[in-house]
Amino acid sequence: MHAGKPRPRGSKRSWAMVRSVPLVFVCAALLALLYTGNTRLARAERPDVLVFAAASLKTALDEINAQWHERTGKQAVISYAASSALAKQIEQGAPADVFISADEDWMDYLAERKLIRPETRSDLVGNRLVLISSKGADLQVNIAPGFPLLSLLGQGRLAMANTNAVPAGKYGRAALEALGVWESVKSRIAQAENVRAALLMVSRGEAPLGIVYQSDAASDSNVSRVGTFPENMHPRIAYPIAVTASSKKPAAGAFIDMLKTPDARTILEKQGFTTLN
């Protein structure tokens, strides 16, 4: 009889049992990692507030947002682009909670389509329009009617945000028209998708001169402000802010309130933004 005969140590059954022990732990570990990863991903995809903001606000808002997170634990995810592009994205259903435009026109655009809550709308800050050159250029320009912008460009081009859609570009074109120099330089414009892209052209030396906001000039140590446009030569520069009509986030209003605190205003003014009357 062979009832008491032991199985060979190398049988398939015993080897499968040996392998099954670590496999259980491996599966458990993988499930734990997957759960943890999904939890973190879900948190990252659900910020306390999603803000669409004009590109020129980036330096100031990043600093303010970091302070807000440190003090309250709340997290804002901020998407920066041209106001025109952001407004169109909101119109197409992008889930923004707060919109900060660099001009009244694009906020009006959303208001007319009932895509913002009108009772939350206000003007946050103002700005100034400046002419910049690459750092080290020994140049100071008196910006006045008929000033010699074309000759200042030499063989180069004038960097500007899109003059038909982007607020900084529209302000710049209005100023050049009022000063009587637009016709002489309009064929020499290097148009960028937003004002920060125009700033980068000058910072990299791709264009000798550019028109940006003074807050942009203050954010880049590789450019110099060589002149400031008279405020009566272009429409008033204002940055309206509002909660979107589709927002369900309680933190949206809290974020706007935080931007109006003295600490936030100090940061905005330090970056070159102005207080509106």
Side-chain angles (χ1 to χ4, degrees), residues 52-58 60-61 80-88 90-91 99-113 115-116 118 120-132 141-147 149 158-186 188-199 209-219 225-242 259 265 268-269 271-277:
F52 277 17
S56 51
L57 286 160
K58 179 172 173 49
L61 282 195
Y80 300 99
S83 300
S84 52
L86 296 173
K88 289 288 189 178
I90 292 172
E91 183 183 23
F99 177 49
I100 314 176
S101 175
D103 72 354
E104 303 283 353
D105 290 348
W106 286 108
M107 189 63 81
D108 290 344
Y109 180 89
L110 294 184
E112 290 165 3
R113 289 157 178 77
L115 294 174
I116 62 165
T120 67
R121 178 176 176 172
S122 62
D123 288 337
L124 181 63
V125 288
N127 217 326
R128 297 292 302 274
L129 206 61
V130 299
L131 185 68
I132 59 169
V141 179
N142 178 30
I143 298 178
F147 78 108
L149 181 57
L158 178 66
M160 295 178 66
N162 186 297
T163 59
N164 294 317
V166 180
K170 293 193 297 181
Y171 291 133
R173 175 173 177 167
L176 295 179
E177 287 176 341
L179 292 163
V181 299
W182 171 254
E183 290 298 323
S184 67
V185 299
K186 67 180 183 181
R188 302 281 295 280
I189 306 298
Q191 299 209 43
E193 64 180 7
N194 60 57
V195 69
R196 284 297 174 101
L199 174 73
L209 296 173
I211 298 177
V212 299
Y213 297 121
Q214 68 178 3
S215 58
D216 298 303
S219 73
R225 181 167 65 179
V226 299
T228 302
F229 286 85
E231 290 185 278
N232 62 350
M233 292 289 129
H234 56 75
R236 170 178 175 266
I237 299 176
Y239 287 69
I241 185 170
L259 289 177
R265 289 203 172 276
L268 287 161
E269 289 171 4
Q271 292 297 333
F273 293 94
T274 60
T275 300
L276 294 170
N277 294 327

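Judged by a 6.0 Å distance limit and a 45° cone about the ring axis, Arg173 is not positioned over the six-membered ring of Tyr171.
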Using the side chain to side chain contact (heavy atoms under 4.5 Å, CB included) rule, take Glu91 and Leu115 through it: C-alpha gap first, then chi angles, then the decisive distance, then the call. CA-CA 7 Å; Glu91 183 183 23; Leu115 294 174; 4.1 Å; yes

Give the C-alpha distance, both sets of side-chain angles, the deciding distance and a yes or no for side chain to side chain contact (heavy atoms under 4.5 Å, CB included) between Met160 and Gln191. CA-CA 5 Å; Met160 295 178 66; Gln191 299 209 43; 5.7 Å; no

Working note: Val125 + Thr275, criterion side chain to side chain contact (heavy atoms under 4.5 Å, CB included); need CA distance, chi angles, decisive distance, verdict. CA-CA 5 Å; Val125 288; Thr275 300; over 6 Å; no

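Note: His234 NE2 to Leu179 CG = 9.5 Å, rounded to the nearest 0.5 Å. Atoms CG and OG, from Leu57 and Ser215 in turn, are 7.0 Å apart once rounded to the nearest 0.5 Å. Rounding to the nearest 0.5 Å gives a distance of 9.5 Å between CG of Leu110 and NZ of Lys88. Rounded to the nearest 0.5 angstrom, Ile100 CD1 and Phe52 CZ are separated by 12.0 Å. Note that NZ of Lys58 and OG of Ser219 are 10.0 Å apart. Values are rounded to the nearest 0.5 Å. Here the CG atom belonging to Leu199 is positioned 5.0 Å from the CD1 atom belonging to Ile132, to the nearest 0.5 angstrom.
Taking the side chain as every heavy atom from C-beta outward, Asp216 and Arg225 never approach each other to under 4.5 Å. In this structure the side chain of Phe273 never reaches within 4.5 angstrom of the side chain of Arg265, judged on heavy atoms. Proximity of Ser83 to Met107: side-chain heavy atoms (C-beta onward) are nowhere separated by under 4.5 Å. Side-chain contact check for Ile189 versus Trp182: some heavy-atom pair is nearer than 4.5 Å. The side-chain heavy atoms of Val212 and Leu129, taken from C-beta on, include no pair separated by under 4.5 Å. Side-chain contact between Phe229 and Ile211 is present, with at least one heavy-atom pair separated by less than 4.5 Å. Two residues are said to be in side-chain contact when any heavy atoms from C-beta on lie closer than 4.5 Å; Leu149 and Leu158 meet this criterion. Put simply, the side chain of Ile143 does not reach to within 4.5 Å of the side chain of Thr228, judged on heavy atoms.
Judged purely by atom type and a 3.5 angstrom limit, Trp106 uses its side chain to pair as donor or acceptor with the backbone of Ala165. Without hydrogens or angle criteria, Ser101 side chain to Pro240 main chain gives no donor-acceptor distance under 3.5 Å.
Counting only N and O atoms by type, the side chains of Asp123 and Tyr239 include no donor and acceptor under 3.5 Å apart.
Nearest heavy-atom pair, Val130 versus Ala217, reported as atom, atom and distance to 0.1 Å: CG2-CB, 4.1 Å. When all heavy atoms of Glu193 and Ala82 are compared, the closest pair comes out as O-CB, 3.4 Å. Scanning all heavy atoms of the two residues, the minimum distance from Ala159 to Ala198 falls at CB-O, 3.6 Å. The minimum heavy-atom distance linking Asn127 with Gly272 is given by the pair OD1-O, 3.6 Å. Considering every non-hydrogen atom in both Ala60 and Leu268, the closest pair reads CB-CD2, 3.7 Å. Across every non-hydrogen atom of Ala54 and Tyr80, the tightest pair is O-CD2, 3.7 Å.
By the 4.0 Å N-to-carboxylate-O rule, Asp108 lies close enough to Arg121 to be salt-bridged with it. Taking 4.0 Å as the cut-off between side-chain N and carboxylate O, Arg236 and Glu104 count as a salt-bridged pair.
Under the side chain to side chain contact (heavy atoms under 4.5 Å, CB included) test applied with Ser56, the options Val195, Val166, Leu61, Asn194 reduce to a single match, Val195.
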